[in-house]
Undergrad: 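Let me begin by handing over the structure; questions about it come next.
Since this is a predicted model, take the numbers as computed values, not measurements. In the text below, chain A, chain B and the rest are named by the order of the sequence lines, each starting its count at 1.
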Amino acid sequence: MAYWLVKSEPETWSWHDQTTQKVTHWDGVRNYQAANNLKAMNVNDLCFFYHSCSERQIVGIVKVIKTAHPDPSDPTGRFVMVDVEWHKNLKNPVPLSIVKTHPALSHLALVKQSRLSVMPIDQASWELINELSENPL
DNA sequence: GCCAACGTTGGC
DNA sequence: GCCAACGTTGGC
């Protein structure tokens, strides 16, 4: 069981869309490092759902229900997608600004590698972010 | 809307 | 295989 964080632009695919539709292909990833992370995902892994651009906060959690398979939206056939399912809403969104101020989270790719759209989250960070959602500072 | 970071492409 | 030019992402 592993933990991840995936980014989406709310203008393109929002948490509201995910809540309404429940099950989706996580397609459109065109970066090898992000694609490698997709390939490392297993069924039942959990992913934070992060709104980039205008919002910059973690808003929910999705669960992996199908491992990496070819992304038909990629004409080159090189990239993959996974299938995810709505899992839960966060009690309170956790903004990037809070993640950045927390020393225990400063190693996350969310902070250090802002352009990466799919990244692993270690268990301690996963639990801490959930705690920050339950009990905001 | 701007710009920094960084990934990709293509000429050599 | 190097690197300049270019495109894209995402934070601010």
Side-chain angles (χ1 to χ4, degrees):
Chain A
M1 168 83 158
Y3 301 107
W4 310 89
L5 182 146
V6 294
K7 292 183 179 178
S8 184
E9 298 178 30
E11 292 79 7
T12 305
W13 180 255
S14 71
W15 182 243
H16 178 259
D17 296 330
Q18 189 75 51
T19 303
T20 307
Q21 192 168 321
K22 302 293 184 190
V23 172
T24 49
H25 302 298
W26 200 266
D27 61 2
V29 170
R30 295 293 181 268
N31 168 282
Y32 287 107
Q33 195 179 349
N36 283 337
N37 289 330
L38 286 180
K39 288 176 186 173
M41 289 183 182
N42 286 306
V43 171
N44 292 328
D45 282 359
L46 297 177
C47 312
F48 283 131
F49 187 112
Y50 174 85
H51 272 165
S52 65
C53 297
S54 55
E55 288 201 23
R56 277 166 274 132
Q57 56 186 4
I58 301 167
V59 290
I61 297 175
V62 293
K63 183 168 74 173
V64 177
I65 56 170
K66 186 175 180 185
T67 54
H69 50 292
D71 179 351
S73 73
D74 170 28
T76 70
R78 288 181 289 188
F79 290 99
V80 295
M81 62 186 187
V82 297
D83 292 0
V84 299
E85 177 180 55
W86 179 91
H87 183 66
K88 64 176 279 197
N89 294 333
L90 288 191
K91 187 173 176 186
N92 299 284
V94 179
L96 177 63
S97 56
I98 296 295
V99 172
K100 281 191 160 179
T101 57
H102 217 292
L105 299 173
S106 61
H107 65 289
L108 292 180
L110 186 64
V111 176
K112 299 180 84 170
Q113 221 180 325
S114 64
R115 292 180 57 199
L116 187 62
S117 62
V118 182
M119 68 191 73
I121 301 286
D122 60 280
Q123 186 170 352
S125 299
W126 179 268
E127 289 170 359
L128 177 52
I129 292 169
N130 275 295
E131 171 63 22
L132 290 171
S133 169
E134 290 293 322
N135 302 298
L137 300 175

Undergrad: Using the rule given for side chain to side chain donor-acceptor pair (under 3.5 Å), can you reason through A:N130 versus A:S133, listing the C-alpha separation, both sets of side-chain angles and the distance that settles it, and then say yes or no?
TA: CA-CA 5 Å; A:N130 275 295; A:S133 169; 5.7 Å; no
Undergrad: Looking only at side-chain N and O atoms, does A:K112 come under 4.0 Å of OP1 or OP2 in C:dG11?
TA: no
Undergrad: Nearest to the side chain of A:R56, which nucleotide is it out of B:dA5, C:dG11, B:dT9?
TA: C:dG11
Undergrad: I need the CD-P distance between A:Q113 and B:dA5, as an integer number of Å.
TA: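 Nearest whole value for this atom pair: 13 Å.
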Undergrad: Any side-chain to backbone donor/acceptor pair from A:K7 onto A:S114? Under 3.5 Å, distance only.
TA: yes
Undergrad: Counting heavy atoms from C-beta on, name the nucleotide in B:dC6, C:dG11, B:dT8 closest to the side chain of A:Y32.
TA: B:dT8
Undergrad: Could you measure the distance from the CH2 atom of A:W13 to the CD atom of A:Q21? Nearest 0.5 Å is fine.
TA: 4.0 Å
Undergrad: Per the atom types in the model, does the base of C:dT8 pair as donor or acceptor with the side chain of A:R30 at under 3.5 Å?
TA: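 Answer no: no donor N or O sits under 3.5 Å from an acceptor.
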Undergrad: Rounded off to whole Å, could you give me the CG-to-P distance for the A:L116 and B:dA4 pair?
TA: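 To the nearest whole Å, that distance equals 21 Å.
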Undergrad: Could you tell me the separation between the CG atom of A:N31 and the CG atom of A:N36, rounded to the nearest 0.5 Å?
TA: 9.0 Å
Undergrad: To the nearest angstrom, how far is A:L96 atom CG from C:dG10 atom P?
TA: 12 Å
Undergrad: Working to the nearest 0.5 angstrom, can you tell me the gap between A:E131 CD and A:W126 CH2?
TA: 14.5 Å
Undergrad: Starting from P on C:dG7, measure out to CZ on A:R115 and report it in whole angstrom.
TA: 14 Å
Undergrad: Please check the phosphate of C:dT9 (OP1 and OP2 only) for any side-chain N or O of A:Y50 closer than 4.0 Å.
TA: no
Undergrad: For the pair made of CZ in A:F79 and C1' in B:dT8, what is the distance, rounded to whole Å?
TA: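 Taking atom C1' of B:dT8 as the reference, CZ of A:F79 is at 10 Å.
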Undergrad: Rounded to the nearest angstrom, tell me the gap between atom CG in A:N31 and atom P in C:dG7.
TA: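 That distance rounds to 18 Å.
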Undergrad: Starting from P on C:dT9, measure out to CE on A:M119 and report it in whole angstrom.
TA: 15 Å
Undergrad: As a test of reading the structure: which of B:dG7, B:dT9, C:dG11 is closest to the side chain of A:K100, going by heavy atoms?
TA: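 For A:K100, the side-chain atoms sit closest to C:dG11.
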Undergrad: Within less than 4.0 Å of OP1 or OP2 of C:dG11, is there a side-chain N or O belonging to A:K7?
TA: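 For C:dG11, OP1 or OP2 has a side-chain N or O of A:K7 closer than 4.0 Å.
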Undergrad: Just the rounded figure in Å: distance from P of C:dG11 to CD of A:E55.
TA: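 Result: 12 Å.
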